[in-house]
Amino acid sequence: MFFSLIVPIYNRPDEARELLESLSVQTYTDFELVLVEDGSTQPCSDEVEKFRTKIKINYIVKENSGRSDTRNVGMKNAKGDYFIFFDSDCIIPPHYLETVNKMLTDDYADCFGGPDKEHPSFTIMQKAIN
């Protein structure tokens with residue numbers, strides 16, 4: 001199964017680097033990242049270039065229009081059989097896509113979702129927001 005990971009991003013090059021690092025070590029590699037820059041004044045293009053040889057990246061730069069419209073732009077440009085949405089501050093565990101692929105192969109579903117988990121380094125405030 002080919003996955004399209006759709007991520008809107010706005011002024012977060014540091015978060016982009018952490019996200020890209022986590023995606024570069026996925027055990028399941030049949031995916032593309034559709035990273036949509038939403039009119040940032042601090043773009044993540046330098047970080048994207050560092051990972052182009054490790055990850056299939058479709059990097060789109062557009063005028064600022066908000067997260068929802070930016071996700072829609074990502075979907076219009078995605079090529080996957082399945083769309084998975086992340087925020088730019090996500091760090092994806094190495095076996096995430098392998099687990100999703102196995103789950104969908106064993107018990108297919110048209111869509112799925114669930115809670116996320118805060119990173120152990122989060123402050124008390126970040127954990128409360130999560």
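None of these values were measured; they are calculated from a predicted model. Along the sequence shown, residues are numbered consecutively beginning with 1.
- Here Asp38 pairs with Lys62 in a salt bridge; the nearest charged N to carboxylate O distance falls below 4.0 Å.
- Distance alone, capped at 3.5 Å, is enough to place a donor-acceptor pair between the Arg52 side chain and the Ile57 backbone.
- Taking the side chain as every heavy atom from C-beta outward, Phe51 and Glu21 approach each other to under 4.5 Å.
- In this structure, Tyr108 OH and Met1 CE are separated by 6.5 Å, a value rounded to the nearest 0.5 Å.
- Of the inter-residue distances, the one linking Glu98 atom CD with Thr29 atom OG1 reads 10.5 Å to the nearest 0.5 angstrom.
- Here the two rings, on Phe3 and Tyr28, have centers that are under 6.0 Å apart.
- Considering CG of Asp87 and SG of Cys90, their distance stands at 5.0 Å, rounded to 0.5 Å.
- A salt bridge is defined here as a Lys NZ or Arg NE, NH1 or NH2 lying under 4.0 Å from an Asp or Glu carboxylate O, and Lys102 with Asp107 fails to meet this definition.
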Go through Val48 and Leu35 one step at a time and tell me if the side chain to side chain contact (heavy atoms under 4.5 Å, CB included) criterion holds. CA-CA 9 Å; Val48 168; Leu35 187 64; 3.6 Å; yes

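- Between the Ser40 side chain and the Glu37 main chain, no donor and acceptor come within less than 3.5 Å of each other.
- When atom types are taken as modelled, the side chain of Ser4 and the backbone of Ala78 share no donor-acceptor pair closer than 3.5 angstrom.
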Enumerate, atom names and distances included, each donor-acceptor pair closer than 3.5 Å involving a side-chain atom of residues 7-14, sequence neighbours excluded.
| unit_1 | atom_1 | unit_2 | atom_2 | d |
| --- | --- | --- | --- | --- |
| Asn11 | OD1 | Thr41 | N | 2.7 |
| Asn11 | OD1 | Thr41 | OG1 | 3.3 |
| Asn11 | OD1 | Gln42 | N | 2.8 |
| Asp14 | OD1 | Arg17 | NH2 | 3.2 |

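- Residues Phe31 and Lys56 fail the side-chain proximity criterion, which asks for heavy atoms closer than 4.5 Å.
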